[in-house]
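Atoms within a ligand are numbered from 1 in the order they appear, just like the ligands themselves. All of these numbers come straight from a predicted model, not from anything done at the bench.
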Amino acid sequence: MKAAVHTRYGPPDVVRISEVDKPTAKDNEVLVKVHATTVNRTDSGLRAAKPFINRFFTGPIRPRVTVLGNEFAGDVEAVGSGVTTFEVGDRVFGYNGTRFGAHAEYLAIAEDGSLATMPTNLTYEEAAASTEGSHYALSLIRKAKVRSGQDVLVNGATGAIGSAAVQLLKHLGANVTAVCDTKHVELVKGLGADRVIDYTAEDFTKDTQTYDVVLDAVGKSSFGRTKRLLKPGGIYLSSDLGPLSQNPILALVTPLLRGKKVMFPIPRDNQEMVRYFKGLLESGAFRPLIDRRYRLDEIVEAYTYVETGQKTGNVVISVAPPTS
Ligand SMILES: NC(=O)c1ccc[n+]([C@@H]2O[C@H](COP(=O)([O-])OP(=O)(O)OC[C@H]3O[C@@H](n4cnc5c(N)ncnc54)[C@H](OP(=O)(O)O)[C@@H]3O)[C@@H](O)[C@H]2O)c1
């Protein structure tokens, strides 16, 4: 089968389309014919080994995982002998966050992994873009236990994580203030934001409103700069380590001080999460934002675009478009 393979760390052009062995489904696995996947910031960080700490997880000298891609949507082509919940022909989507392998024509994933049948109202491309940014957003939101009526500011509301966060927060009944560029103000209002701050015209850290939660989905702020925006006991969440990699340390220290605090949860994914997203996708409460689309053989261009830091939502890769 064809796959996008990288055997050394480096810039986008270390990735090559190569023939590799097609995986087979073990007893507890399903084999998915991948129709669509994404290139996201996790793929970029692992391929480039940036930050350097990524090498502790992916191999100190050379990458252990040579086919990236953690989100996918496609058709079940085969099931292992012990599989009972999926059948050949099912349209499925999901997240393979530890094994990756979605930048390929086929992927094997455990039946009890982060996998569900696709909502019928979605294309493969939409379904493929529904689990990565959203699972980071959901992990942050659940960690902070955001409730209906709370005031939440989302910085970077047009990224994959930020655009999902705005929608998930609105679904929970939060009052959302979103920060984005002028050109995206209407887009972000369309995601449900109650108020939008244009960061080219206004410094959101000088806002006069206070918030229960500040969620930085783009790693462009810090607890120090946003602390004054937080209500007493308020929470600063970030999807990024922070400019000095300080967020994990602050997440350990600030709760001890019993005031405003930083939370930096390890993102979790499981089947419950994918089913939760499926429900929101079916009801229309969540729709992934899709920016550009590329074919698998254009993946180097896709990576190059993702690494501009300017993508709007998600960049989709069409692997094997369905024939019908
Ligand atoms: N914890 C993890 O393991 C993990 C995994 C994935 C990603 N991340 C991190 O999470 C962050 C977000 O990832 P993502 O995939 O959602 O990002 P993304 O989609 O690449 O975000 C890009 C968006 O950020 C906006 N943006 C850029 N500069 C901004 C600024 N100064 N203020 C507000 N918005 C700005 C851009 O919009 P404009 O055009 O309006 O500027 C663009 O739409 C990244 O920092 C990434 O490194 C962490």
Side-chain angles (χ1 to χ4, degrees), residues 12 38-58 68-71 95 97-98 100 129-141 143 153-168 177-191 193 196-207 214-222 225-226 237-248 251 262-269 288-292 302-316:
T38 62
V39 169
N40 53 52
R41 298 284 293 258
T42 305
D43 299 317
S44 293
L46 295 185
R47 191 216 64 236
K50 286 183 184 168
F52 190 82
I53 196 175
N54 281 350
R55 290 177 187 247
F56 289 100
F57 306 107
T58 59
L68 292 168
N70 50 23
E71 294 178 283
Y95 182 74
T98 46
F100 295 84
S130 294
T131 55
E132 204 259 356
S134 54
H135 110 282
Y136 284 114
L138 188 66
S139 295
L140 291 163
I141 290 166
K143 180 73 179 176
L153 180 140
V154 179
N155 185 35
T158 50
I161 300 173
S163 58
V166 171
Q167 297 177 75
L168 300 180
T177 297
V179 182
C180 67
D181 193 348
T182 320
K183 60 183 183 287
H184 292 132
V185 169
E186 291 309 314
L187 176 81
V188 170
K189 281 186 187 162
L191 297 177
V196 181
I197 298 177
D198 172 356
Y199 73 74
T200 65
E202 203 181 324
D203 178 354
F204 81 90
T205 65
K206 300 203 166 51
D207 195 16
V214 169
L215 191 165
D216 188 347
V218 76
K220 300 282 185 185
S221 71
S222 66
R225 282 182 56 226
T226 55
L237 298 167
S238 180
S239 63
D240 206 272
L241 294 169
L244 303 169
S245 300
Q246 74 275 32
N247 287 329
V262 176
M263 288 184 173
F264 191 74
I266 295 170
R268 306 263 176 229
D269 67 280
L289 205 53
I290 295 183
D291 184 346
R292 295 191 185 174
Y303 269 116
T304 304
Y305 179 56
V306 168
E307 283 156 43
T308 62
Q310 296 297 316
K311 73 178 162 69
T312 309
N314 301 276
V315 167
V316 169

[atom] [closest protein heavy-atom partner, distance rounded to 0.1 Å]:
atom	answer
atom 41 (O) of ligand 1	Tyr199 OH, 2.5 Å
atom 2 (C) of ligand 1	Tyr136 CE2, 3.7 Å
atom 39 (O) of ligand 1	Gln310 OE1, 3.0 Å
atom 8 (N) of ligand 1	Ser239 O, 3.7 Å
atom 22 (C) of ligand 1	Gly309 O, 3.2 Å
atom 42 (C) of ligand 1	Lys311 O, 3.0 Å
atom 40 (O) of ligand 1	Asp181 CB, 2.8 Å

Considering only heavy atoms of [X], which atoms of ligand 1 have at least one such atom less than 4.0 Å away?
X	result
Asn155	32 (N), 33 (C)
Asp240	9 (C), 44 (C), 45 (O), 46 (C), 47 (O)
Lys183	39 (O)
Gly156	33 (C), 34 (N)
Ala160	14 (P), 15 (O), 16 (O), 19 (O)
Gly313	19 (O)
Thr42	5 (C), 6 (C)
Ile161	7 (C), 10 (O), 12 (C), 13 (O), 16 (O)

- Query: Where do Thr308 and Tyr305 land on the side chain to side chain contact (heavy atoms under 4.5 Å, CB included) test, with the steps shown first?
  - Reply: CA-CA 5 Å; Thr308 62; Tyr305 179 56; 4.0 Å; yes

Just to be sure I'm reading this right: ignoring hydrogens, which of [options] gets closest to [atom]? Compare them by their nearest heavy atoms.
atom	options	answer
atom 11 (C) of ligand 1	Pro265, Gly219, Gly159, Ala217	Ala217
atom 37 (O) of ligand 1	Thr158, Asp43, Val218, Asn54	Thr158
atom 20 (O) of ligand 1	His184, Glu132, Arg41	Arg41

- Can Asp240 and Ser238 be counted as having a side-chain donor-acceptor contact under 3.5 angstrom? no

Any donor and acceptor pair, going by atom type alone, linking the side chain of [X] with main-chain N or O of [Y] inside 3.5 Å?
X	Y	value
Asp181	His184	no
Asn70	Tyr95	no
Thr158	Thr312	no

- Evaluate the side chain to side chain contact (heavy atoms under 4.5 Å, CB included) criterion for residues Asn314 and Asp291: first the C-alpha distance (whole Å), next the side-chain angles of each, then the deciding distance (0.1 Å), finally the verdict. CA-CA 6 Å; Asn314 301 276; Asp291 184 346; over 6 Å; no

- Taking it one step at a time, do Arg47 and Val39 satisfy side chain to side chain contact (heavy atoms under 4.5 Å, CB included)? CA-CA 11 Å; Arg47 191 216 64 236; Val39 169; over 6 Å; no

- Query: Roughly how far apart are Asn155 CG and Cys180 SG, rounded to 0.5 Å?
  - Reply: 9.5 Å

- Query: Hey, what do you get for NZ (Lys311) to OG (Ser44), rounding to the nearest 0.5 Å?
  - Reply: 8.5 Å

- Query: Can you list the residues that meet the side chain to side chain donor-acceptor pair (under 3.5 Å) rule with Thr38, with sequence neighbours excluded?
  - Reply: Asn40, Glu71

- Query: Would one find an N or O of Val306, backbone or side chain, under 3.5 Å from an N or O of ligand 1?
  - Reply: no

- Message: For ligand 1 and Lys220, I'd like to know whether there is a polar contact (N/O to N/O, distance under 3.5 Å).
- Response: no

- Task: List the atom of Leu168, the atom of Ala137, and the distance in Å for their closest heavy-atom pair.
- Result: CD1-CB, 4.0 Å

- Item | Non-hydrogen atoms of Pro267 and His135 that approach each other most closely | CB-NE2, 3.6 Å

